[in-house]
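If you scroll down you'll find the structure; I have some questions about it.
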Amino acid sequence: MQWTLVIPLKPLARAKSRLSDTAADALRPGLALAFAQDTVAAALASPAVGDVAVVTDDALAARELIALGARIIPDEPRAGLNAALAHGAATVRARRPESAVAALNADVPALRPLELARVLDAAAEFPRAFLPDAAAIGTTLLAAAKGQELRPAFGTDSRARHRASGAVELGLAGVDSVRQDVDTGEDLRAALALGVGPRTAVATAGLLIRGQ
């Protein structure tokens, strides 16, 4: 099965506020863009992924992600993460009603294409399925098979909310790169330990120097 991934990305100027203890205000937009670029590049390299649609209104991010091969869906609802994801999934399905659709966070810069393929292959066994994040509180990926609504419930305690919605929790081992999103400095250190993509490596080089 080939999946369409829907990746939401808020305007870079407002992204990654929880990294304020690690990166100055002027640096966080660049970090958010690097995370998204490495996430999209790895996703497009996964054998389970047919295409990637990024929901964003950020002009710079749109330009950079189109260059990687993503297509851009404007965030017309402008009503938060779940509304953006529902809109993105609906736009994808309007063009290809039988698409299998999965929502993926834009901040998994250590993402490995083959690990993502394992997650998506496992998700294909269920109408809806999700992968909890490394903290086991949130969600990094929510998948909806052909004919199933995505019904995203990201945000605080999204692991519990997705489970309550009837989505099957995927208990796969060995997919740490898909689970490791980056919201805090601790998350970033964990992602760096896994091995991040080239753009994140460049964007964080100065942070590492200052932290030595």
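Computed from heavy atoms alone, side chains included, the values below leave out hydrogens, waters and symmetry copies.
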Quiz item: Which heavy atom in L85 sits nearest to a heavy atom in A103, and how many Å separate them?
Solution: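 Taking L85 first and A103 second, the nearest heavy atoms are CD2-CB, 3.6 Å.
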
Quiz prompt | With R199 via side chain to side chain donor-acceptor pair (under 3.5 Å) - residues at least two apart | solution =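 Testing R199 for side chain to side chain donor-acceptor pair (under 3.5 Å), a comparison that skips the adjacent residues, returns D38.
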
Self-check item: Sub-4.5 Å side-chain heavy-atom contact between L188 and T22
Solution: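 A side-chain contact under 4.5 Å exists here.
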
Quiz prompt | D121 side, atom CG; L116 side, atom CG - distance, nearest 0.5 Å | solution =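 Reported to 0.5 Å precision, the distance equals 9.0 Å.
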
Quiz item: I72 and P74: which non-hydrogen atoms are nearest, and at how many Å?
Solution: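 Of all heavy-atom pairs spanning I72 and P74, the closest is O-CD, 3.9 Å.
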
Exercise. Start with the C-alpha gap between T56 and D75, add the side-chain angles, then the distance that decides, and say whether side-chain contact (heavy atoms from CB on, under 4.5 Å) holds.
Key: CA-CA 5 Å; T56 189; D75 183 8; over 6 Å; no

Exercise. Fit a plane to each ring of F130 and H162, take the angle between them on a 0 to 90° scale, and name the class: parallel (under 30°), tilted (30 to 60°) or perpendicular (over 60°).
Key: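 Geometry flag for H162 against F130: tilted rings.
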
Quiz item: In chain order, what residues pass the salt bridge (Lys or Arg N to Asp or Glu O under 4.0 Å) check against R93, with sequence neighbours excluded?
Solution: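 Per chain and number, R93 pairs via salt bridge (Lys or Arg N to Asp or Glu O under 4.0 Å) with no residue.
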
Quiz prompt | Side chain to side chain, V178 and L111, heavy atoms closer than 4.5 Å | solution =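 With C-beta onward as the side chain, the pair touches.
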
Quiz prompt | Closest non-hydrogen atom pair between F154 and S158, with its separation | solution =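 Looking at all heavy atoms of both residues, the shortest contact is CA-CB, 3.7 Å.
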
Quiz item: About how many Å separate CG of D187 and OG1 of T184, when rounded to the nearest 0.5 Å?
Solution: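 Reported value, rounded in 0.5 Å steps: 3.0 Å.
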
Exercise. Answer yes or no: is there a side-chain heavy-atom contact under 4.5 Å between V52 and V54?
Key: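 With C-beta onward as the side chain, the pair touches.
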
Quiz prompt | R151 (side chain) donor-acceptor with A86 (main chain) under 3.5 angstrom | solution =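 No.
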
Quiz item: Under the side-chain contact (heavy atoms from CB on, under 4.5 Å) criterion, do T139 and D133 qualify, and how do the steps go?
Solution: CA-CA 5 Å; T139 303; D133 64 8; over 6 Å; no

Quiz item: CG/L120 to CD/Q2 distance, rounded to the nearest 0.5 angstrom?
Solution: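 Rounded to the nearest 0.5 Å, the CG-CD separation comes to 10.0 Å.
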
Quiz item: Are L141 and W3 linked, directly or through other ILVMFWY residues, by side chains that come within less than 4.5 angstrom of each other?
Solution: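 Yes, L141 connects to W3 through the hydrophobic network.
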
Quiz item: Can a salt bridge be assigned to the pair E98 and K146 using a cut-off of 4.0 Å between side-chain N and carboxylate O?
Solution: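 K146 and E98: not salt-bridged.
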
Quiz item: Which pair of non-hydrogen atoms, one from L81 and one from P8, has the smallest distance, and what is that distance?
Solution: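 Nearest heavy atoms, L81 then P8: CD1-CG, 3.2 Å.
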
Quiz item: Does one hydrophobic cluster hold both L27 and L192, with members joined at side-chain heavy-atom distances below 4.5 Å?
Solution: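 Looking at the clustering, L192 is in the same group as L27.
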
Quiz item: For E186, does the CD atom have more than 12 heavy-atom neighbours from other residues, nucleotides or ligands under 6.0 Å away?
Solution: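 No.
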
Quiz item: Has the side chain of R179 got a donor or acceptor atom that lies under 3.5 Å from a matching backbone atom of L131?
Solution: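 Side chain of R179 to backbone of L131: no pair is present.
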
Quiz item: For the atom pair CG (L170) and CD (E125), what is the distance rounded to the nearest 0.5 Å?
Solution: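 CD of E125 is found 10.0 Å from CG of L170.
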
Quiz item: Looking at CG of N105 and CD1 of I7, how far apart are the two atoms once the value is rounded to the nearest 0.5 Å?
Solution: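 It comes to 9.0 Å.
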
Self-check item: Beyond-backbone contact of D183 with L19, side-chain heavy atoms, under 4.5 angstrom
Solution: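 No. Closest side-chain heavy atoms not under 4.5 Å.
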
Self-check item: Any donor-acceptor N or O pair under 3.5 Å, side chains S46, R112
Solution: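 Short answer, no.
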
Quiz item: Are I73 and L104 co-members of a hydrophobic cluster defined by side-chain heavy atoms under 4.5 Å apart?
Solution: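 No; I73 is not reachable from L104 via cluster members.
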
Self-check item: Interatomic distance, L150 atom CG to S165 atom OG [nearest 0.5 angstrom]
Solution: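 One gets 9.5 Å once the value is rounded to the nearest 0.5 Å.
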
Exercise. With side-chain contact (heavy atoms from CB on, under 4.5 Å) as the test, would you mind laying out the steps for Q180 and V108 before giving the verdict?
Key: CA-CA 6 Å; Q180 188 59 66; V108 283; 5.8 Å; no

Quiz item: Run the side-chain contact (heavy atoms from CB on, under 4.5 Å) check on F35 and V182 step by step: do they pass?
Solution: CA-CA 8 Å; F35 296 165; V182 176; 3.7 Å; yes

Quiz prompt | V101 reachable from V49 in the ILVMFWY side-chain graph, under 4.5 Å edges | solution =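 No.
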
Quiz item: What pair of heavy atoms forms the shortest contact from A110 to S177, and how long is it?
Solution: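 Closest approach of A110 to S177: O-CB, 3.1 Å.
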
Practice problem: Give every residue pair that meets the salt bridge (charged side-chain N to carboxylate O under 4.0 Å, His left out) criterion with at least one member in residues 50-65, sequence neighbours excluded. | Solution: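 Only D51-R71, D51-R96, D57-R78 qualify under salt bridge (charged side-chain N to carboxylate O under 4.0 Å, His left out).
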
Exercise. Can you see which heavy atom on A61 is nearest to which on L33, and at what distance?
Key: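 Scanning both residues completely, I find the closest heavy atoms to be CA-CD1, 3.9 Å.
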
Quiz item: According to a 4.5 Å side-chain heavy-atom criterion applied to Ile, Leu, Val, Met, Phe, Trp and Tyr, with indirect links allowed, do V119 and M1 form part of one hydrophobic cluster?
Solution: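 Linked within one cluster.
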
